[in-house]
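Here's the structure we're looking at; comments come further down.
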Number of protein chains: 2
Amino acid sequence: MDRTQLQNSFEAYFNELGYDIDWQRLTVPMDVHVIRKGDYLFQQGDFANRLYFLHSGLVRYVSVSDEGKEFTQTFAKSPRIIGSTKAMVTETRVLFGIQALEDSMVSSYTWQAFYAQMRHDIGFLECYAKFLERIFIVKEERENAFVKHSAERRYLDFCAAYPELKDSIPQQQIASYIGITPVALSRIRHRLKLGRG
Amino acid sequence: MDRTQLQNSFEAYFNELGYDIDWQRLTVPMDVHVIRKGDYLFQQGDFANRLYFLHSGLVRYVSVSDEGKEFTQTFAKSPRIIGSTKAMVTETRVLFGIQALEDSMVSSYTWQAFYAQMRHDIGFLECYAKFLERIFIVKEERENAFVKHSAERRYLDFCAAYPELKDSIPQQQIASYIGITPVALSRIRHRLKLGRG
DNA sequence: AGAAGGAGTTAACCTAGGTTAATTTTTTCT
DNA sequence: AGAAAAAATTAACCTAGGTTAACTCCTTCT
């Protein structure tokens, strides 16, 4: 994959957000990262202040507690911007790592350099705002689910929302996404099977 | 409070976000809402697609589950933009209501009309993006706390983060903010008292 | 001041989900 | 294909927090 091909999928994504990005004006150096299944793009605690774009593959955002328990915050499928808005914007350490669930291809720019160029482009800003609205809404809906719904309901909602992931990723990662242990998820599935049978 | 005074506090807020808003260009009609302590600006399930600005007072975002249990998503103190980004942007029903904890003064614009005028202003867009970054980061940190920390830790973190609220709002609302019942919070406080004594 | 409704505490009991560990099934690797 | 490792299931037991209810303080209202 050369630079042009990478830019094409980047462009398609911005188009979908209603923006015709003008790559000619962008002189910031771009890095390319190839991540094998299971490997990390960056780890929790790193200074990951880059704008990453997932060209191909599937990743999860994984956050580990002081007691060493893993929690999956997000699954992200290409094409999509990935990374930590917080770490990008506030230059703090990132609260989660990004792990590839399939071999993945990612390009990246230093956020400060990228934004310094793009902030003068009104089309980009509108599109960036749209992106932020979108990720905020997802977080808000998730908060809502955590607070109002049982683990069983969250599992059913997950299956409805991600039918393609439901059978293609390990169950323990689904469990860690809905905020329970693999053992508890297995119990819930057992219960559901009885109910349906 | 007349329109000019209202705009002053609105302006001060945008200034803090790094933007000199030009009110002359804004011809959208503004509404003013006075909410008495305990009353609601809007209720969960409404189409609250307005941009609200809290000029004075204190509110909470309260979300109630199917079983009728209340959950406090956010406390917001003036001066601040309030409202539902989701309902504004996607024109869907809002997932929470906004209740005044003190007598409060709010002004509002129809989001679509407001945004239609402001989207051509690059300074506004930068500032809007900054606002979205900020509220996203808060949600992300809150998700992190819910998933990684115990209720006791969440309570201590709340006290550290909102020392002025800790003693001025009912404990049951603190409980509903950290996601437990008032009874459980009382138990936790009892435990902490023993530990310290 | 006295009544009435919140707000907080305490206690007894319950339950969803956590923990540990043994067992089986599936995947991966050579 | 066969060995080794990882994933999933099941069972027994544990715990944080939920539920209900009684009791005590406030506030606030007339």
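Lettering follows sequence order; numbering is per chain, from 1. Source: prediction; values computed, not measured.
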Which residues in residues 153-187 of chain A have at least one heavy atom lying under 4.0 Å from any atom of DNA chain D? A/P170, A/Q171, A/Q172, A/V183, A/S186, A/R187
Under 3.5 Å, which donor-acceptor pairs link side chains of residues 35-42 of chain B to any protein atom two or more places apart or in another chain?
none

Any side-chain heavy atom of B/Y177 sitting closer than 4.5 Å to one from B/R154? no
Closest to the side chain of B/K69, out of D/dT10, C/dT19, D/dT19, is D/dT19
Atom-pair distance (NZ on A/K37; P on D/dA6), nearest Å: 13 Å
Between D/dT10 atom P and A/L192 atom CG, what is the distance in whole Å? 13 Å
State which of D/dG17, D/dT10, C/dT9 makes the closest approach to the side chain of A/H190. D/dT10
Euclidean distance, atom NZ of residue B/K193 to atom C1' of C/dT10 [Å, nearest integer]: 11 Å
Per-helix bend value, the helix from C/dA1-D/dT30 to C/dT30-D/dA1, C1' rotation axes over five pairs per end, 10° rounding, shows 50°
Nucleotide D/dA16, atom P - distance to CZ of B/R191 in whole Å: 7 Å
Can you confirm whether A/L58 sits close enough to A/I169 that some side-chain heavy atom of one is under 4.5 Å from a side-chain heavy atom of the other? yes
Write down the distance between CZ (A/R36) and P (C/dT28), rounded to a whole number of angstrom. 13 Å
Donor + acceptor pair across side chains of A/Q112, A/E91 (<3.5 Å): yes
Can you tell me how far apart CE (A/M105) and OG (A/S56) are? Round to the nearest 0.5 Å. 5.0 Å
Only one of A/E140, A/E143, A/E141 passes salt bridge (Lys or Arg N to Asp or Glu O under 4.0 Å) with B/K86; say which it is. A/E141
Measure up the A/Y115 and A/W111 rings against each other and bin them: parallel (under 30°), tilted (30 to 60°), perpendicular (over 60°). parallel
Take atom CD1 of B/I188 and atom C1' of D/dG18, then tell me their distance rounded to the nearest Å. 12 Å
Nearest whole Å is fine: how far is D/dG17 P from B/H149 NE2? 14 Å
Can any side-chain N or O of A/D121 pair as donor or acceptor with the backbone N or O of A/M118 at less than 3.5 Å? no
Starting at atom CD of A/E70, determine the distance to atom P of C/dT19, rounded to an integer number of angstrom. 14 Å
Side-chain heavy-atom pair B/Y61, B/F71 within 4.5 angstrom cut-off: no
